[in-house]
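Naming convention: chains lettered A, B, ... in sequence-line order (proteins, then strands); numbering from 1 in each chain.
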Protein chains: 2
Amino acid sequence: MVKTEFSPIADTTRRAEIVALLRRAILTGQLEPGQKLNELRISEQMRVSRAPLREAMRELVQEGILTSIPYAGTFVINVTAKDIDDAYSLNKVLDEFAIERMWKQRDQRFLDELDRRHEAVKQATRDRDTTRQIETALQLHGLIHEWADNSVLLETWQRLTSRLQMYFALHQQARKEAVPAENVHETYVALLKGDDMRAAQRHAREHIDLDFEELLAYARGLERRPSKGA
Amino acid sequence: MVKTEFSPIADTTRRAEIVALLRRAILTGQLEPGQKLNELRISEQMRVSRAPLREAMRELVQEGILTSIPYAGTFVINVTAKDIDDAYSLNKVLDEFAIERMWKQRDQRFLDELDRRHEAVKQATRDRDTTRQIETALQLHGLIHEWADNSVLLETWQRLTSRLQMYFALHQQARKEAVPAENVHETYVALLKGDDMRAAQRHAREHIDLDFEELLAYARGLERRPSKGA
DNA sequence: GACAATCAGATTGTCGACAATCTAACAAGA
DNA sequence: TCTTGTTAGATTGTCGACAATCTGATTGTC
């Protein structure tokens, strides 16, 4: 019996690569909310035909970060303050659920991975790499969902994450500077290592509320100066 | 100012119609779990080219009821007992959240709609139309999510619903007969009309548990006789 | 000048054909 | 007999061209 394990090989369709490219462009704010995606132009830039591009766009529409109007075009979703509010309030519920489900599953491997991701956030912060900072922070947050052993929950959280990441990116871009102090997640990580599940759940809720207030304030600013896109 | 309200006109792309057709076929169990969808055959049957069919399939993959393996094909998802368990446990959380959010928003229009949907379930039950029975029961259940005024929640619930509907359809098909007594939802509806929010939340949880046990038992049966599809 | 009809340009939706890849059957060799 | 190499057929992925639809500018009329 062979002991080495192999991970699945990469998807090698153009479609998959296009999805990844577009998603990244949207989540990092390269493509602005409301902006229209011109199929011909993008397909020429990427040197692919419109078929795989269109299929990729359908996926992202279903993923919730694009929206499509027949014969009019496909657009990056517009971000409203209410959207952010909705996403965050649901995220709280999912976090509490996830913590409850993964609590008993914690083991050494979990703790190691927790430290690893925490370290990645701190590194990105030191590097002043805001994009990576957002990415790693969300990955740290996602660990509890990955360990909850509930595929539907994980999938749901990942969908939410896309939007959160997009909102954060806009937020950062608007302020033009790196943000949170390096130790923002210290308490969160410590609680996940501890023995008081209720405390961890409570903190997750409050910690989120903190970032949220700031983000919501920014979003309300957007409301007054809407994007010209759509 | 005009007072009449117009609903959006129908999407007139082939793609949208194909999505609807395929979704219905999957959710009613016409297409079995694990079954492969042959693009050429289906496109010929529908008298369309493969392009809009493929785009439609990408949407349904992202919707979670199809799964795709590059160069191998696209398949109806397989239903495992764990999937059902996962979906239901998450559904409980979402229901509780929805009830909390919509509680203060209840008004006469809500109560009317509640009655209307409840009546639809009872009608389908009297008609022994099991497919419609499932549809209407889920619509009744979905009302609280529609009134929670949280678009992300609604979207999430609708995704979950697709799977639940699929599971239910299989369940029904396997038993070959109509099921629940006509008054299953009486208590649920009554509590939603009442003044005790906690009680409504508790009942939603317990009521779901009831159906769930039956469904899970069926699912465990499936485990032992896996589909030959994929 | 205001308004409706028309038209050209651009863009999305759809089609049919070709290229890349997979599967399964068969043959060859250890 | 088991493994490996080959090949034919079927199926998915991608392409370029055409059809349907939208947008806005222009023209003509009152």
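Checking the phosphate oxygens (OP1, OP2) of dT12(D), no side-chain nitrogen or oxygen of Arg54(B) falls inside 4.0 Å.
Spacing between atom CD of Glu55(A) and atom P of dT12(C) amounts to 16 Å, rounded to whole angstrom units. At whole-Å resolution of the value, CZ in Arg15(A) and P in dT14(D) are 7 Å apart.
DNA chain C is contacted by no residue of residues 56-66 of chain B, taking any non-hydrogen atom closer than 4.0 Å.
Counting only distance, with no hydrogens or angles, the side chain of Lys122(A) and the backbone of Arg117(A) share no donor-acceptor pair below 3.5 Å. A donor-acceptor contact shorter than 3.5 Å links the side chain of Asn150(A) to the backbone of Asp86(B). Between the Asp127(B) side chain and the Asp129(B) main chain, no donor and acceptor come within less than 3.5 Å of each other.
Sequence order on DNA chain D of the closest nucleotides to Ala72(A) and Ile69(B) puts Ile69(B) first from the 5' end.
Side-chain proximity of Tyr71(A) to the nucleotides dG13(D), dT14(C), dT21(D) is greatest for dT21(D).
Sequence neighbours left out, the pairs with a member in residues 20-30 of chain A that pass salt bridge (Lys or Arg N to Asp or Glu O under 4.0 Å) are Arg23(A)-Glu63(A), Arg24(A)-Glu135(A).
Within the 4.5 Å cutoff, the side chain of Leu154(A) has heavy atoms near those of the Gln158(A) side chain.
Ring geometry for Phe168(B) versus Tyr88(B): interplanar angle over 60°, hence perpendicular rather than tilted (30 to 60°).
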Report, one pair per line, the protein and nucleotides 15-19 of chain D atoms (nitrogen or oxygen only) whose separation is under 3.5 Å.
| from | atom 1 | to | atom 2 | distance (Å) |
| --- | --- | --- | --- | --- |
| dC15(D) | OP1 | Arg14(A) | NE | 3.3 |
| dC15(D) | OP2 | Ser49(A) | N | 2.7 |
| dC15(D) | OP2 | Ser49(A) | OG | 2.8 |
| dC15(D) | O5' | Ser49(A) | OG | 3.4 |

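For Asp95(B) and His145(B), the side-chain atoms include at least one donor-acceptor pair closer than 3.5 Å.
Leu37(B) comes within 4.0 angstrom of sugar-phosphate atoms only, judged by non-hydrogen atoms across all strands, and of no base.
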